[in-house]
Amino acid sequence: MKKIFARPRSLKDTLMHYCPGCTHGIAHRLIAEVMDELDIRERTVGVAPVGCSVFAYNYFDCDFQQAAHGRAPAVATGIKRVQPDCIVFAYQGDGDLASIGTAEIIHAAARRENITVIFINNAIYGMTGGQMAPTTLPGQATTTSPGGRDVENKGYPIRVSELMATLEGAAYVARVSLHNPAGIARARRAVLQAFRYQLEGKGFSLVEMVSTCPTNWGLSPLAALKWLEEHMLPAYPLGVFKDIQGGGQG
Amino acid sequence: MKKIFARPRSLKDTLMHYCPGCTHGIAHRLIAEVMDELDIRERTVGVAPVGCSVFAYNYFDCDFQQAAHGRAPAVATGIKRVQPDCIVFAYQGDGDLASIGTAEIIHAAARRENITVIFINNAIYGMTGGQMAPTTLPGQATTTSPGGRDVENKGYPIRVSELMATLEGAAYVARVSLHNPAGIARARRAVLQAFRYQLEGKGFSLVEMVSTCPTNWGLSPLAALKWLEEHMLPAYPLGVFKDIQGGGQG
Amino acid sequence: MKRAEVIMAGFGGQGVMAMGMLLAYAGMKEGRHVSWMPSYGPEMRGGTANCAVVVSEEPIASPLVTEPTAVIAMNLPSFDKFERRVVSQGVVVVNASLVHRPAVRNDIRVIWVPANAIALELGSDRVANMVALGAYVAASGVVEMESVVESLKGALPPHRHNLIPLNRQALDRGAACAR
Amino acid sequence: MKRAEVIMAGFGGQGVMAMGMLLAYAGMKEGRHVSWMPSYGPEMRGGTANCAVVVSEEPIASPLVTEPTAVIAMNLPSFDKFERRVVSQGVVVVNASLVHRPAVRNDIRVIWVPANAIALELGSDRVANMVALGAYVAASGVVEMESVVESLKGALPPHRHNLIPLNRQALDRGAACAR
Amino acid sequence: MSEPILMKGNEAIAEAAIRAGCRFFAGYPITPQNELPEYMSRRMPEVGGVFLQAESEVAAINMLYGASGAGARCLTSSSSPGISLKQEGISYMCGAELPAVIINIVRGGPGLGNIQPAQSDYFQATRGGGHGDYRTVVYGPASLQEMVELVMEAFDVADRYRNPVMVLGDGILGQMMEPVVFADDQVREPQPKPWATTGARGRERRVLSSIYLEPEDLDHHNWKLEAKYEQMRQKEARYELVQMEDAELCLVAYGTTARICRTALEKARSAGLKVGMIRPITLWPFPVKAFGEAGANLRAYLVVEMSTGQMVEDVRLAVNGARPVAFYGKTGGAVMLPQQVVDALQDLAAREGVGR
Amino acid sequence: MSEPILMKGNEAIAEAAIRAGCRFFAGYPITPQNELPEYMSRRMPEVGGVFLQAESEVAAINMLYGASGAGARCLTSSSSPGISLKQEGISYMCGAELPAVIINIVRGGPGLGNIQPAQSDYFQATRGGGHGDYRTVVYGPASLQEMVELVMEAFDVADRYRNPVMVLGDGILGQMMEPVVFADDQVREPQPKPWATTGARGRERRVLSSIYLEPEDLDHHNWKLEAKYEQMRQKEARYELVQMEDAELCLVAYGTTARICRTALEKARSAGLKVGMIRPITLWPFPVKAFGEAGANLRAYLVVEMSTGQMVEDVRLAVNGARPVAFYGKTGGAVMLPQQVVDALQDLAAREGVGR
Amino acid sequence: MPKVEFDEDRCKGCELCVAVCPVKIIHITERINRQGYRPVDVTDQEKCTACTLCARVCPDTVIEVYK
Amino acid sequence: MPKVEFDEDRCKGCELCVAVCPVKIIHITERINRQGYRPVDVTDQEKCTACTLCARVCPDTVIEVYK
Ligand SMILES: Cc1ncc(C[n+]2csc(CCOP(=O)(O)OP(=O)(O)O)c2C)c(N)n1
Ligand SMILES: Cc1ncc(C[n+]2csc(CCOP(=O)(O)OP(=O)(O)O)c2C)c(N)n1
Ligand code: SF4
Ligand code: SF4
Ligand code: SF4
Ligand code: SF4
Ligand code: SF4
Ligand code: SF4
Ligand SMILES: [Mg+2]
Ligand SMILES: [Mg+2]
């Protein structure tokens, strides 16, 4: 009898603090699987954001730094420039990356920083209890858009992958989704590609993962996946938005 | 004998502190002309950045606030929300808008803030003596890229208009140039359009003006205009990048 | 009754915060000084939540409760954590539906209330907290049961006032356990 | 010569900063304490620029010069601004090519040097600053002219050393004016 | 008089602000103050005001700059790391003389720290964490009722001096519920602001700025500001004295800590120690005067803070060597127990030979 | 010994850093410190180091967080408004115990102020403008040579304590030229850093963080940090005494102001006043000891600052009421003249009856 | 023979695996685990096809699959 | 008759107007103005076509044009 699916070596045994059904856990596992596959655990340095994944450093079995809110790309830049042989990745939520950290992510990409960013788009601020995020959908109710996001007053969602793809320094930008096994498989391939590009020195890579926050969406984990599929995917089309080795929106 | 070209009413008499041949002065005059044309001087509030145009408030004959470096869009937001009947514009350089103020400009646009931003892209930090800007061209020498901007280490220029055009909240985004009378005439039309949109409540508008900094480019004013034409225009194509009333890249 | 300092604890979702607020409302209605203080933060995520309520004749210096006069433990971790903190001769209301170990201390009054079971009997798992609260109010006499029921009107939004009878039943069933 | 505190001023582009640095270099070469302090900021843009140089036998407390022992005024605004600041019996070198008003004070030594005219004669407008410096060095004796020439080697990049003879000529022509 | 309402501290602040005429709020989520912006997001539209969730704390404070400059009474709130990010903006507002109220629901630091109650941003608040010579009035309320009253007053004080005012709470004050009363006569109307940039219709244009290029001008501006700060020192310092008449030992504490000390004071008195308390209500200006009023019996001070010791410097400055000043503190959300304060008092009594 | 070189202060700092083994610089342009990053942009590539022009001061300090955590000796520099923006980051670095050297070439504030020399960021530097209980050693050099030496030392001190160190200059120190000597034996090599995140090759993984969710843990962490700060207080305080033996009046000044006071001291002595000076070299820890050594003749202190009075508080704390402490200041780049200091001394002498 | 193993104490009862199992053999239990959740379990182990879908959607790496 | 007027003290001698004038009548002078620059002037006023190009490129609003 052979074990055909096991916990990845790069993930620690620790119980994760995420809510039941939260896709952060899936994203973690995918990264760890890719670290295993590329055999880079011993040279990887992760950067944890401020957000529900602030404790990501407890779950990966590699070196880690915990960054200030939104500044993970700057911290990752510092690490990578000093340790160019390390594989450096930042893990960020949508509040962290697309709101307070807008300047840092754009400039890390523009600078062609040879790092990988995993971006968890769950359309909400999970950690702080469900406030509106830059990625919150029009009409979506949150604790700071109680009547639903009203675009006249609160503006439109930011499409991070589309935005990042306009930057010459970005080598690889893809949007994937974690709502079903097929999506998860594609997500894994994107993470693999992103880390490969870093290994090959190709420059900045970003994988946006359309994710759920059952707790703050006020939905069961399964209902959340359904909501993701029905509401998020139309607004956040999946695909590769930038690939310096050819390919593009797809 | 009729005066067919006069100093606009909305500009004050004060001598401007800009270097000889600096296009900041032209940009100022265009804005003032549009203020005259739309008869909005008495309801306009300008926001000055930190950069060579920090003293813009000395030159326009309307209310003004001087903002912290990069934060003019946030300041303008505060003004506009409190005084929705005022016409609010921010005037920003490329260091101010595209570097330290990246988050503020993107979110003002995403929020569909009904303000107008005039963006002076002179590919350098003028005020502080010629350091590299996010818009500095590959190979361009500055005091912090003495060997010329090396894209491997210092990254690629950010194309602000292209970036902003990805945002749904932006109503009008255009790039114009100040290097000759025809360009200046087109620039004036773009400024007029931008302010018109604000008057009509259409949302965020931005006019990027490709400009010169003879002093820090180390060129005579005339040579600077030529350099703009030969080097900046290929990298920063002119045109309307977003127009919610139809039209687009053009 | 001079001063009650109560800790209410359970899993997130068991309604311990609401239970505490209701007690504070009731105390306020009776003209007493009251305070309510939640535990807050990431531990709410899945883990246990608790709040501290003080009801007193005198102004309340600190809203923090370190030596509770009573504890309502809605689950085992809460019972484990707070049993030892309660003052001697204090009251501990334990949710017997989820806690199956006996008390360790014998200088306290333990009231076993099968809160979830009773709530299910009444038709809604969600009023388990009211059952426990009823038991505590009856055992301590810190406020009148009527004040609690009155407070429900203020605490529930008008379109939920139809739930008041159910909540009242739950309170009463709990009270019965305390006798 | 115990202590020289000199202000050099002119339009941006007239080379007043370089002139000051050269004097400081020369002083350092002679083993004296020296400091050089520029005015800086937006007023450099088009407006006047100035720097302050102190050459002293003793450690220099403050590099700021409020009561200059000498002033080199390369244009009218500088002369206007600094003539009144110089100490009694102090030296003022004035660029006669650009300043056409007489001095107001009569307790100072004014040396009129047609610096631009001389520089043009020598073939380059750019050495007007050296002409003025030559006059000051000769008039004050604060450092040896040879030290200034020596310093040119350090101050100019090697591929500009061919300009040293021209600069020396300029210094000498200036010195001649001071006699 | 109005009915008491049971409210969370964060919500009470928001409601107080609205009743004080605040019509512009910009903030960014951070625990433990999230209920404040959340409340604003519901209430502001009801009163025709503006609620903005800014992209960051930096943006929020600069939105306030604009909004205040445009004449609105405005509020921002955050907690420690977010307040650090506002420092440049606060310095700008002081420089440009723009009123605003800034709430800091202090949490454990430094860095990310945790979200538990703390008082370790005292230096930042009272000394100005930003650059340049500037000051803001800083209130340190100890109950929700006091918080409501001080927040309302803060808007008046801010407008009066054209200067930001800060209110320091902590996780306990922000999260707890307590009955509060909003007296109807507390409602304030903003006064006209003849300096606001509202469009130069039929008047001279107005400019708001903090730049003074000439040293003499900036020096003059700074001494003008300093004169304003001196006015605040004279007029705005507030404090409460508790059982100081016969006190031999004096507790000094503010905010939540003062509540704990009040319990400790009772306990210590029961144990025979003659303890009193000075409770600063304004942390800046520090109520120096309170220390001048110390009775002849007084032997020593014990400063109690949820920090490693910050206000203790102000106490030492106020006492100026006249009596010993001791310190007891806990940090990072580890709130001290009344008994621990009593123990510290007893240690101090022993050291100073009090009660012997 | 090496030859003296005539250098601009900003460039001298950069060169000193490189000689101290600094191999990572991130910064953002701001006057009056631009020559520092500009020099670094040329020099770093020569020594195989990293020069980064960050997108903002916020990004720069967070790049340092990463780079320091990855084991490099690193430097950032800015001037007042930019330093305000770094406050959150500095607090994080203290929390995560990451060494770095931070240069503040102070300019006139508050707000945009101007670009002239000032000392009005003293509170921010010494009290921590960021949130939480933290401290950084702060040097206040008075000459380029001293600046060079202190910058080099700063890297050692930062590594020794795993804590950021700040150096306060001002527009004058940054812009002026003075001969400096780089002694060859001053070259430092960074020590191994067994906590740096360099990839967990054949060892346990390492984590750098400032979050301590449990109050007890954060309390413990804070007291551990406080113990480190106490070590610094014990070991790192530095000062210079000038003619204090017979002094009746004592000037207290640092940096550029101390140079002006030195001239003033000579003038005052010529005028018959027995004046000495305490020149703090570390602003934090403040050299309290220097004040304990005051001779019996000493009557009063005059603190001179380019601010409306900040260090004066530390002097008052150090003197603790033993003698009067007076203040004289100019702000916003309006540098005081030696004669103005002499006048202030004479006023003080008259008030205190000195020399009568 | 295919087999799925659940590390029960890691499970949070989110039911993502329940929904995704093509042969519908995973169900939520009445037990309460260390974390306070009701973990899942399999009924008919033998029906398992070792498709690993359950393991791939599980956010908490509860499941290992053998074949 | 077309006419251009220069507010000489505003001029910074940048020569943008010189380059753009289709009839090449603008030239730099030897004078030094209040600001320290050498301002421009017109030689043959009568050749001016009042095309306003000079005024439109002038960054310092030195020029007014009459017709
Ligand atoms: C400077 C600063 N501002 C705000 C916060 C509070 N904060 C913590 S996490 C967070 C946002 C979390 O949202 P997101 O990045 O989307 O991550 P998620 O929790 O949804 O995964 C915020 C605002 C902080 N810690 N620091
Ligand atoms: C917080 C802060 N950082 C840096 C500066 C210094 N600074 C002043 S202007 C400027 C950039 C100017 O460049 P740009 O925005 O391109 O305007 P330009 O002068 O080229 O028109 C900088 C970095 C500052 N004043 N404040
Ligand atoms: S709050 Fe949302 S994002 Fe955070 S752990 Fe829970 S479900 Fe996941
Ligand atoms: S420095 Fe450049 S941008 Fe600034 S005024 Fe001069 S030419 Fe214009
Ligand atoms: S491996 Fe496939 S068949 Fe087996 S339990 Fe999991 S989902 Fe069901
Ligand atoms: S997906 Fe994992 S955590 Fe969720 S119920 Fe299944 S085994 Fe448990
Ligand atoms: S108006 Fe036209 S023709 Fe006349 S001077 Fe100007 S550019 Fe020349
Ligand atoms: S363009 Fe204007 S400033 Fe330039 S030379 Fe002509 S008139 Fe003078
Ligand atoms: Mg999120
Ligand atoms: Mg620029």
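In the text below, chain A, chain B and the rest are named by the order of the sequence lines, each starting its count at 1.
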Structural part of B:A98 lying under 4.5 Å from a heavy atom of chain A: backbone
B:L167 versus chain A, the contacting section by heavy-atom distance below 4.5 Å: side chain
So between chain A and chain B, what donor-acceptor pairs come in under 3.5 Å?
residue	atom	partner	partner atom	Å
A:R81	NH1	B:N153	O	3.4
A:R81	NH1	B:N153	OD1	3.3
A:R81	NH2	B:N153	O	2.8
A:A98	O	B:H107	NE2	2.8
A:T102	OG1	B:H107	NE2	2.9
A:H107	NE2	B:A98	O	2.8
A:H107	NE2	B:T102	OG1	2.9
A:A110	O	B:Y156	N	2.8
A:N153	O	B:R81	NH1	3.4
A:N153	O	B:R81	NH2	2.8
A:N153	OD1	B:R81	NH1	3.3
A:Y156	N	B:A110	O	2.8
A:R159	NH1	B:E168	OE1	3.0
A:E168	OE1	B:R159	NH1	3.0

Option that, when pairs with chain B are counted at under 4.5 Å, heavy atom only, ranks first among A:P134, A:A110, A:G203: A:A110
Which residues share a side chain to side chain contact (heavy atoms under 4.5 Å, CB included) with A:P84, sequence neighbours left out: none
Portion of A:A109 that has a non-hydrogen atom of chain B nearer than 4.5 angstrom: neither
